[in-house]
Each structure stands twice: as structure tokens, then as C-alpha cells.
Protein chains: 2
Amino acid sequence: MVQSSQHPVETSPADSPDGEVMTKVEALEVSLSPQERFSEYLQTRGLRQTNQRKFLVEQVFAQHDHFDAEELIDRLPRRGEENYVSTATVYRTLRECVDAGLLNCFQLDGRTVYDHDYGYPQHDHLYCTQCRKLLEFQSDELLEIRDKMAAMHGFRVESHRMIIQGVCRECSRARRKKRKQDLV
Amino acid sequence: MVQSSQHPVETSPADSPDGEVMTKVEALEVSLSPQERFSEYLQTRGLRQTNQRKFLVEQVFAQHDHFDAEELIDRLPRRGEENYVSTATVYRTLRECVDAGLLNCFQLDGRTVYDHDYGYPQHDHLYCTQCRKLLEFQSDELLEIRDKMAAMHGFRVESHRMIIQGVCRECSRARRKKRKQDLV
DNA sequence: CTTTCTGCAAAGGCTTTGCAGTCCG
DNA sequence: CGGACTGCAAAGCCTTTGCAGAAAG
């Protein structure tokens with residue numbers, strides 16, 4: 001079976017229904033908006049400020065969310081509608097956003113997932129293998145270990161990617177409930 | 001540009017040329033060989049003990065190395081030669097090895113990389129973005145943080161994947177050398 | 001003998017690319 | 001105006017799948 005096209009991705013909820021400790025990943029203060037930052041990037045490289053690029057960056061930063069190309073395309077205007085952008089241009093622009101430092105990307109289940117980088121602090125992910133939701137977490141200790149391990153091996157760190165796979169609270173609950181029902 | 005098909009992947013060298021601390025990832029003592037373990041897995045599920053499966057598991061465990069499907073296929077007999085195994089069967093068997101717990105797999109640069117799991121301790125990776133080499137490291141602290149972060153979010157951990165990207169010692173040296181030459 | 005497996009070739013999913021027309025600067 | 005950009009369709013890459021013949025139990 002091939003991955004379905006349903007990949008709900010959400011950020012960590014601010015509240016904790018169980019009253020447990022929750023780290024919340026907050027937006028950072030930045031002097032330039034993502035749009036301005038991208039504009040700067042384009043100018044530096046002698047690239048052009050097109051309507052498609054402006055529109056895409058605006059859409060990408062309209063909500064803080066993880067997404068893949070397909071999800072982005074799904075919420076953009078269709079062919080024939082105003083502001084339609086072709087698939088090729090979407091892929092090309094996503095790559096530029098990564099180069100510009102606006103987005104991060106990583107592979108998950110064979111698709112490329114994009115994540116806001118600019119104006120957002122470093123973080124890692126918890127991935128629910130049941131509902132495919134992505135939660136974020138932050139850990140300075142993790143960074144320390146990363147740097148220590150890299151140093152041990154003479155590595156100069158550029159970046160890292162940590163994904164914890166498992167089952168989220170909601171899916172665990174749903175499963176327990178189901179098991180209970182199955183017993184009846 | 002698309003990823004090239006050259007992906008040297010090597011394990012961590014045992015010696016440290018710089019005399020720095022090195023963690024070495026050692027093989028574990030296991031009661032069954034990978035072949036025996038796989039055989040057991042097949043029997044349990046009523047699957048068959050074919051020559052192709054036996055041959056592939058043997059090849060996969062002949063050397064401790066990370067590899068992708070292409071690299072494995074490259075060192076197998078060609079079509080027409082003795083013990084030839086089709087691409088489809090290689091992919092099918094790799095998947096079975098993962099199901100059987102013999103191999104781990106993860107995505108890197110768009111390809112699926114396989115890693116010995118059975119008879120080998122949990123470990124994570126350092127990935128050199130210059131030479132595409134994969135080194136291994138082990139850290140119990142990392143596991144503690146993983147569990148702590150998961151607990152904070154009500155997650156039941158199944159597994160995790162951590163990859164530190166950067167430049168390895170050898171590539172750093174090569175680069176320094178090159179810069180020096182460029183100055184002459 | 002029956003069911004699973006294999007090899008083949010074709011298809012699939014995601015992403016990139018060549019090209020001709022379009023648009024930015 | 002010239003080079004960069006876009007949309008389109010086609011190709012590419014890696015992996016999976018349908019099917020008919022082969023093989024395991």
C-alpha cells in the first residue's frame with residue numbers, strides 16, 4: 001500500500017487536557033516579515049519579484065503549519081481561477097524558500113514536509129503513526145547532546161533532524177476505548 | 001539537480017586519528033543468526049523459505065553497512081548470472097526484513113536507507129553532507145530526553161530517528177587544504 | 001496439489017525539467 | 001529589450017503492483 005494523501009499536520013496545542021507539563025513553541029520576534037526577507041533574498045541574487053512568488057510566500061506563511069506540496073496546492077486557487085500557480089512553480093518556489101532560510105524541509109513517509117523556519121525557533125517533532133499528526137517540541141538538552149556527539153566524531157554540525165515516532169494521546173485514548181468496546 | 005547514485009555509506013572507524021574520544025558501536029550477542037531469525041519469522045507467518053530470500057538475507061548481513069536498494073542490487077549477481085534476484089524481489093524482501101526486525105530503514109535525500117537492526121544496538125547517525133558518509137553514535141542521554149519529551153506530550157514512543165547533518169573530519173580537512181591551495 | 005513466490009514489465013507517486021511564450025526590471 | 005520566470009507536458013527516480021509461470025510445503 002502506498003501512503004494516502006491524507007496527512008493532517010497540526011502544531012502542538014497550547015493547553016494540556018491532562019494538566020501535564022507542556023512546552024509551547026512560540027513565534028520569535030523578527031525584524032523583517034517572511035515576505036520582506038524573501039524579497040531581500042531575491043534581490044541579492046538578481047532574481048525577480050513575480051506575482052506567483054509573492055502570492056506563494058504569503059500563502060505559506062498565512063498559517064503556522066507543517067505541509068507538503070500536495071496540501072499547499074490543494075488550498076491554492078485551481079487552474080483557471082485567479083492567482084493560479086502551476087505545480088512546477090510551487091515546487092520551484094518551495095525550494096527557493098528553503099534556500100532563503102524561510103522554510104525547513106524533511107522527508108516523512110516518502111513525501112517532503114515543509115516547516116516554517118524563519119521567525120520560528122528551532123524545534124523537533126513527535127509524529128503520530130496512527131493519525132499522522134506532527135507535534136513540536138523544544139529541548140536545549142537535545143542540542144547539547146547533538147553538539148557533544150558531533151564533537152566526539154570531529155563533525156562540524158550544520159543541522160539535525162529528530163523525529164520521535166509513536167502514538168499520540170488522542171489516538172491512545174481512541175484505541176483504549178475501542179478495545180473496551182471490543183470486549184463488550 | 002537530482003541526487004546522484006553515488007552514496008558512500010560507512011560505519012564509524014574504530015580508531016581516532018586525532019586522539020579524541022570515540023564511542024564505538026559494537027555488535028550485540030544474539031542467540032540466533034539473522035538467517036535463523038528470518039527463517040523463524042517466515043515460519044511463524046506461514047511464508048516460504050525460498051532461495052532468493054535466503055540468498056538476500058545472507059548478502060545483507062555479509063557486511064555491516066548502511067545501504068539502499070540500489071547499492072544492494074549493484075553488488076548482487078546480474079540478470080542471467082547464478083543467484084540473480086529481480087529488483088521486485090529485492091524490494092519485497094527488504095520490506096520483509098524490516099517487518100522481521102532484522103533491518104531498520106529511514107529516508108535520506110529521497111532514497112530509503114537500510115541499517116542492520118538485529119544483533120546491533122540502537123544508535124543514531126551523523127551524516128556528512130559533503131561525502132554522504134554515515135557515521136553512527138550512541139547516546140543514552142538522547143534516549144532519556146526522547147522519553148521525557150514524549151511523556152510531556154502524552155506520546156507513547158515507538159521509535160525515533162535522529163540524524164545530525166554536517167561535515168565530517170576528513171571533509172573539513174580536505175576543505176581547509178583546498179582553501180590553503182587556493183591562496184597560493 | 002495448492003498456495004505462495006518470482007520475474008517481468010508496466011504503473012504509481014512525487015518531483016524535476018525542457019521548452020516556448022510571458023513578464024520583470 | 002534581454003534575461004529570468006511560468007505553465008505545460010513530458011520525463012525521471014525510486015518503489016510498488018498485476019500477472020502468468022515456477023516453486024515450496
Side-chain angles (χ1 to χ4, degrees), chain A residues 1-7 38-57 67-74 76-100 103 105-114, chain B residues 1-7 38-39 41-57 67-74 76-99 103 105-114:
Chain A
M1 190 200 56
V2 180
Q3 322 71 261
S4 91
S5 57
Q6 318 282 91
H7 307 288
F38 192 54
S39 175
E40 203 179 60
Y41 167 86
L42 293 174
Q43 283 195 320
T44 313
R45 314 229 168 174
L47 303 176
R48 288 170 186 178
Q49 202 85 38
T50 66
N51 291 329
Q52 288 89 335
R53 281 177 176 151
K54 276 184 255 178
F55 180 69
L56 285 175
V57 173
F67 62 93
D68 60 22
E70 191 185 337
E71 288 165 347
L72 176 58
I73 291 167
D74 279 353
L76 293 176
R78 313 281 160 206
R79 185 176 309 208
E81 294 178 18
E82 173 141 25
N83 280 325
Y84 167 72
V85 182
S86 69
T87 307
T89 296
V90 169
Y91 277 104
R92 285 188 280 236
T93 306
L94 285 174
R95 177 174 286 211
E96 288 161 349
C97 286
V98 172
D99 289 346
L103 296 176
C105 69
F106 54 102
Q107 318 262 143
L108 198 54
D109 288 340
R111 70 207 162 112
T112 302
V113 177
Y114 297 88
Chain B
M1 189 200 58
V2 181
Q3 321 68 264
S4 90
S5 56
Q6 319 282 91
H7 307 288
F38 192 54
S39 175
Y41 166 86
L42 293 175
Q43 283 195 322
T44 313
R45 314 227 169 174
L47 302 178
R48 290 171 186 177
Q49 201 83 38
T50 66
N51 291 330
Q52 288 90 335
R53 282 176 176 152
K54 275 185 255 179
F55 181 69
L56 285 175
V57 173
F67 61 92
D68 60 20
E70 191 185 338
E71 289 165 346
L72 175 59
I73 290 167
D74 278 353
L76 293 176
R78 312 282 159 204
R79 185 175 308 207
E81 295 178 18
E82 172 140 27
N83 279 326
Y84 167 72
V85 181
S86 70
T87 306
T89 296
V90 169
Y91 277 103
R92 285 188 281 235
T93 306
L94 285 174
R95 176 174 286 211
E96 288 162 350
C97 285
V98 172
D99 290 346
L103 295 177
C105 69
F106 55 101
Q107 320 258 144
L108 197 55
D109 289 341
R111 70 205 163 111
T112 302
V113 177
Y114 297 87

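Note: hydrogens, waters and symmetry copies are ignored here, and every other heavy atom, side chains too, is used. Here is the naming used below: chain letters follow the sequence lines, and residue numbers restart at 1 for every chain.
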Worksheet item: Can you find an N or O donor on one side and an acceptor on the other, under 3.5 Å apart, linking the side chain of Arg92(A) with the base of dT16(C)?
Response: no
Worksheet item: What nucleotide among dG25(C), dG7(C), dG7(D) has an atom nearest to a side-chain atom of Tyr84(B)?
Response: dG7(C)
Worksheet item: OP1, OP2 of dC5(C) versus side-chain N and O of Arg53(B): anything below 4.0 Å?
Response: yes
Worksheet entry | Short N-O contact, Glu96(B) and Arg53(B), less than 4.0 angstrom | yes
Discussion item. Regarding Thr112(A), tell me which of base, sugar-phosphate or nothing describes its non-hydrogen contacts under 4.0 Å with the strands shown.
Written reply: sugar-phosphate
Discussion item. On the nucleotide dG7(D), are OP1 or OP2 found under 4.0 Å from the side-chain N or O atoms that Gln52(A) carries?
Written reply: yes
Discussion item. From the set dT6(C), dT6(D), dT16(C), return the single nucleotide nearest to any side-chain atom of Tyr91(A).
Written reply: dT16(C)
Worksheet item: Are OP1 or OP2 of dT6(C) and a side-chain N or O of Asn51(B) less than 4.0 angstrom apart?
Response: no
Discussion item. Tell me the closest heavy-atom pair linking Tyr84(B) and Pro77(B), and the distance in Å.
Written reply: CD1-O, 3.5 Å
Worksheet item: On a plain distance test, is the side chain of Arg48(A) in donor-acceptor contact with the base of dG3(D) below 3.5 Å?
Response: yes
Item to complete: Look at Thr89(B) and dG7(C) and indicate whether a side-chain polar atom (N or O) is within less than 4.0 Å of OP1 or OP2.
Response: yes
Item to complete: Establish, with yes or no, whether the OP1 or OP2 oxygen of dT6(D) is under 4.0 angstrom from a side-chain nitrogen or oxygen of Thr50(A).
Response: yes
Worksheet, complete the sentence: Closest of dT15(C), dT15(D), dC8(C) to the Ala69(A) side chain is dT15(C)
Worksheet item: How do Tyr114(B) and Val90(A) order along DNA chain D: which one's closest nucleotide is nearer the 5' end?
Response: Val90(A)
